[in-house]
Enquirer: 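Following this message is one structure expressed as C-alpha cells.
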Amino acid sequence: MILSIQDAKPFDDYKLQIQFTDGAQKTIDFQPFLNHSQHPAIRAFLQPAKFKSFRIEHGDLVWGDYDLCFPIADLYYNRIDHTISA
C-alpha cells in the first residue's frame with residue numbers, strides 16, 4: 001500500500017488534522033516550522049488565511065503552486081521541524 005493523504009482539516013491556528021490512507025489520523029503543528037524558517041516565501045504562510053489555503057493533490061498536502069509541500073513520511077511521523085541546534 002502506498003501511503004498518501006486522504007483528508008486534511010484545519011484544527012487550531014497552524015495545526016492540521018490529517019487522515020492518511022492507512023486509517024491513521026495525525027495532528028500536525030506547522031507553526032514551529034514556519035517560525036524557524038528564514039525564507040520570506042515560507043514565512044508568508046504565517047498569515048492565517050494563506051496557511052489555510054492548502055489542498056490535497058495526488059495524495060500530497062500542498063499550498064499554492066507547490067510553494068509549500070512536505071514528504072508524506074515527515075508528516076506521518078511528525079518530523080517537519082528540521083531545526084539544527086547550535
Side-chain angles (χ1 to χ4, degrees):
M1 174 181 195
I2 296 174
L3 187 63
S4 61
I5 295 173
Q6 186 173 338
D7 192 27
K9 294 182 171 106
F11 182 67
D12 184 34
D13 293 330
Y14 299 96
K15 294 178 184 172
L16 298 180
Q17 197 166 43
I18 300 173
Q19 179 79 37
F20 294 88
T21 52
D22 70 348
Q25 186 169 311
K26 312 280 181 158
T27 301
I28 309 296
D29 186 358
F30 291 84
Q31 190 167 17
F33 171 82
L34 297 172
N35 281 336
H36 287 124
S37 177
Q38 299 299 312
H39 198 285
I42 292 174
R43 291 190 60 81
F45 288 96
L46 284 167
Q47 298 172 15
K50 189 165 178 129
F51 176 75
K52 291 180 181 174
S53 70
F54 66 88
R55 69 185 183 286
I56 298 170
E57 189 170 300
H58 308 293
D60 287 320
L61 184 64
V62 297
W63 286 261
D65 189 19
Y66 286 82
D67 300 326
L68 194 58
C69 183
F70 298 88
I72 296 292
D74 286 353
L75 293 170
Y76 193 85
Y77 294 109
N78 199 2
R79 297 183 306 219
I80 63 168
D81 189 15
H82 300 286
T83 58
I84 300 172
S85 298

Enquirer: Measure the NZ-CD1 distance between K26 and I18 for me, rounded to the nearest 0.5 Å.
Expert: 10.0 Å
Enquirer: I need the I5 CD1 to E57 CD distance, nearest 0.5 Å.
Expert: 12.0 Å
Enquirer: What are the two closest heavy atoms between D60 and C69, and how far apart are they?
Expert: CB-SG, 4.5 Å
Enquirer: Do side-chain atoms of D29 reach the backbone of Q31 as a donor and acceptor pair under 3.5 angstrom?
Expert: yes
Enquirer: Measuring from atom CD of Q19 to atom CD of Q25, what distance do you get when rounded to the nearest 0.5 angstrom?
Expert: 5.0 Å
Enquirer: Should the heavy atoms of other residues, nucleotides or ligands under 6.0 Å from OH of Y66 be counted, would the total exceed 12?
Expert: yes
Enquirer: Linking I/L/V/M/F/W/Y whenever their side-chain heavy atoms sit closer than 4.5 Å, directly or via other members, would L61 and I72 fall into one cluster?
Expert: yes
Enquirer: Quick one, T21 with L3, criterion side chain to side chain contact (heavy atoms under 4.5 Å, CB included). Give me CA distance, side-chain angles, the key distance, then yes/no.
Expert: CA-CA 6 Å; T21 52; L3 187 63; 4.0 Å; yes
Enquirer: Quick one: are Y76 and D22 in side-chain contact, heavy atoms under 4.5 Å?
Expert: yes
Enquirer: Are I80 and F54 co-members of a hydrophobic cluster defined by side-chain heavy atoms under 4.5 Å apart?
Expert: yes
Enquirer: Quick check against the 3.5 Å criterion: does R55 have a side-chain atom that pairs as donor or acceptor with the backbone of G64?
Expert: yes
Enquirer: Can you measure from CG (D74) to CD1 (I28) and round to the nearest 0.5 angstrom?
Expert: 10.0 Å
Enquirer: Is there a donor-acceptor contact under 3.5 Å linking the side chains of Y14 and N35?
Expert: no
Enquirer: Verify the cluster assignment for Y77 and L16: are they in a single hydrophobic cluster under the rule of side-chain heavy atoms below 4.5 Å apart?
Expert: yes
Enquirer: Has the side chain of S37 got a donor or acceptor atom that lies under 3.5 Å from a matching backbone atom of R43?
Expert: no
Enquirer: Do F20 and S4 touch side chain to side chain, with heavy atoms closer than 4.5 Å?
Expert: no
Enquirer: Is any side-chain N of the basic residue among K15 and D13 closer than 4.0 Å to the acidic one's carboxylate O?
Expert: no
Enquirer: Pick from F30, F33, F45, F11: which one makes a ring-ring contact (aromatic ring centres under 6.0 Å, His included) with F51?
Expert: F30
